[in-house]
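Worth saying up front: this structure is predicted, and the values here are computed from it rather than measured.
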Amino acid sequence: MNAMVEIKDFSIQLGSFKLKNINLNIFDNEIFAVLGKTGSGKTVLLESIAGFYRRFSGNVTIQGKSVIEIPLEKRKIGFVYQDFGLFPHMTVYDNICYGLKIQKMDKEKRKKKVAEMAEILSIEHILKQYPGTLSGGERQRTALARALVLNPKMLLMDEPFSALDPATKQSMYEQIKEIHKIFGCTILFVTHDFNEAQIMADRIGIMVNGELRGIRKSTDLFKKCQDEDINNFLCGNSRGEKDAI
């Protein structure tokens, strides 16, 4: 399989926190989850892959090119934040359209692209509304539309389901899988929810104290190993209990 992302000996210091010696390949068209407790470094790893940081050791490449050497507008990365990061003073339509305007796309083409995304994500009826009037699921679909309208090769999501109620979560799991089929993009998301990682991902990376301590197929998540930190992290679920922690 071809690697979409290659991370080699990557370390970064942010204040008192350090992400240490990360080595990871994420394959083309894969859904990969990074699982860990709060403060384990999941979001820093996601932001590093997106090219948010300049001072680090090691390397992060996307399709063979160092991410920081690729101009921002050419990285083909969509990013969905935990709080969705919508512009509160813009309508849903204008939020989705924002990146297309930056690219100076023709107005009629923008309208067509937004209409297509709204149909895929079933948000045609809220295009004139503002984020403050939306439900959690509607905000997430709007954030996804804004990221996907630029046709990214890779979609990065930071705790994308944490603010949603259980019923909406189940709906969005199916929505993300459908998006994966339609767009054929690599998807990388971070979570602290064991069940979520198993349902969504092909493989799961386990973060402990700034280190990527293991990579497993989702079906093998709860198998015991020689790393006691991983076993302790998964201990509440190692007997088959797959509740979110």
Ile126 side chain reached by Thr133 side chain, heavy atoms, under 4.5 Å: no
Greater than 12 external heavy atoms within 6.0 Å of Lys20's NZ: yes
Path from Ile204 to Ile230 over hydrophobic side-chain contacts below 4.5 Å: yes
Sub-4.5 Å side-chain heavy-atom contact between Leu144 and Met172: yes
Atom pair NZ/CG of Lys153 and Asn29 - distance to nearest 0.5 Å: 13.0 Å
For Cys225 against Arg216, the heavy-atom pair lying closest together: SG-NH2, 3.1 Å
Side chain to side chain, Ile77 and Leu156, heavy atoms closer than 4.5 Å: yes
Check: Thr186/Glu30 side-chain N/O donor and acceptor closer than 3.5 Å: no
Shared hydrophobic cluster, Ile215 / Ile206 (ILVMFWY, side-chain heavy atoms < 4.5 Å): no
Note, Leu148 side chain near Phe183 side chain (heavy atom, < 4.5 Å): yes
Test: Asp229 and Arg213 ion pair at under 4.0 Å: yes
Rounded distance [0.5 Å steps], OG in Ser57 versus NZ in Lys8: 14.5 Å
Connected via hydrophobic side-chain network under 4.5 Å: Val5 and Met207: yes
hydrophobic_cluster_shared for Leu19 and Ile62, side chain cutoff 4.5 Å: yes
Test side chain to side chain contact (heavy atoms under 4.5 Å, CB included) applied to Phe79 and Glu47, step by step: CA-CA 9 Å; Phe79 202 109; Glu47 292 174 340; 4.2 Å; yes
Nearest atoms (heavy-atom pairs only) where Pro152 meets Gly78: CB-N, 3.5 Å
Verdict with supporting geometry, Leu127 and Thr91, side chain to side chain contact (heavy atoms under 4.5 Å, CB included): CA-CA 7 Å; Leu127 288 175; Thr91 64; over 6 Å; no
Beyond-backbone contact of Tyr81 with Glu159, side-chain heavy atoms, under 4.5 angstrom: no
4.5 Å side-chain heavy-atom contact, Ile26 and Met154: no
Check against ring-ring contact (aromatic ring centres under 6.0 Å, His included), Tyr53 and Phe10: CA-CA 12 Å; Tyr53 304 112; Phe10 182 87; 8.3 Å; no
Phe87/Tyr130 aromatic ring centres below 6.0 Å: no
Hydrophobic cluster identity match, Ile96 and Ile102, side-chain contacts under 4.5 Å: no
side-chain hydrogen bond (donor to acceptor under 3.5 Å, both in side chains) contacts touching residues 33-45 (sequence neighbours left out): Thr43-Asp158
Asn209 atom CG, over 12 foreign heavy atoms within 6.0 Å: no
Glu196 and Tyr173: side chain donor to acceptor below 3.5 Å: yes
Distance, nearest 0.5 Å, that separates OG of Ser171 from CG of Leu164: 9.5 Å
Point-to-point distance, once rounded to the nearest 0.5 Å, from CG of Leu234 to CG of Leu35: 7.0 Å
Test ring-ring contact (aromatic ring centres under 6.0 Å, His included) applied to Phe27 - qualifying residues, sequence neighbours left out: none
is_close_aromatic(Tyr98, Tyr93), centroid dist under 6.0 Å: no
Side chain to side chain contact (heavy atoms under 4.5 Å, CB included), paired with Ile7, selected from Asn23, Ile49, Thr61, Asn25: Ile49
Main-chain N/O of Phe84 paired with Arg139 side-chain donor or acceptor, under 3.5 Å: no
Atom pair OG1/CE of Thr191 and Met157 - distance to nearest 0.5 Å: 10.0 Å
Nearest heavy atoms of Arg75 and Ile68, plus distance in Å: NH2-CA, 4.0 Å
Heavy-atom pair with the smallest gap, counting every atom of Ser218 and Ala197: CB-O, 4.5 Å
Asp220 bridged to Lys217 by N-O distance under 4.0 Å: no
Taking every non-hydrogen atom, the tightest pair across Gly210 and Ile22: O-CD1, 4.0 Å
Parallel, tilted or perpendicular: rings of Phe194 and Phe233 (30°, 60°): tilted
All N/O donor-acceptor pairs, side-chain side in residues 108-121, below 3.5 Å, sequence neighbours left out:
residue, atom, partner, partner atom, Å
Arg110, NH1, Met105, O, 2.8
Lys113, NZ, Val149, O, 3.3

CG (Asp106) with more than 12 external heavy atoms under 6.0 Å: yes
Nearest heavy atoms of Ala147 and Leu155, plus distance in Å: CB-CD1, 3.9 Å
Straight-line distance of Ile31 CD1 to Leu188 CG, nearest 0.5 Å: 11.0 Å
Any side-chain donor near an acceptor of the partner, Lys76 and Gln63, under 3.5 Å: no
Side chain proximity check, Phe32 to Leu24, heavy atoms < 4.5 angstrom: yes
Any side-chain heavy-atom pair of Pro160 and Gln140 under 4.5 Å: yes
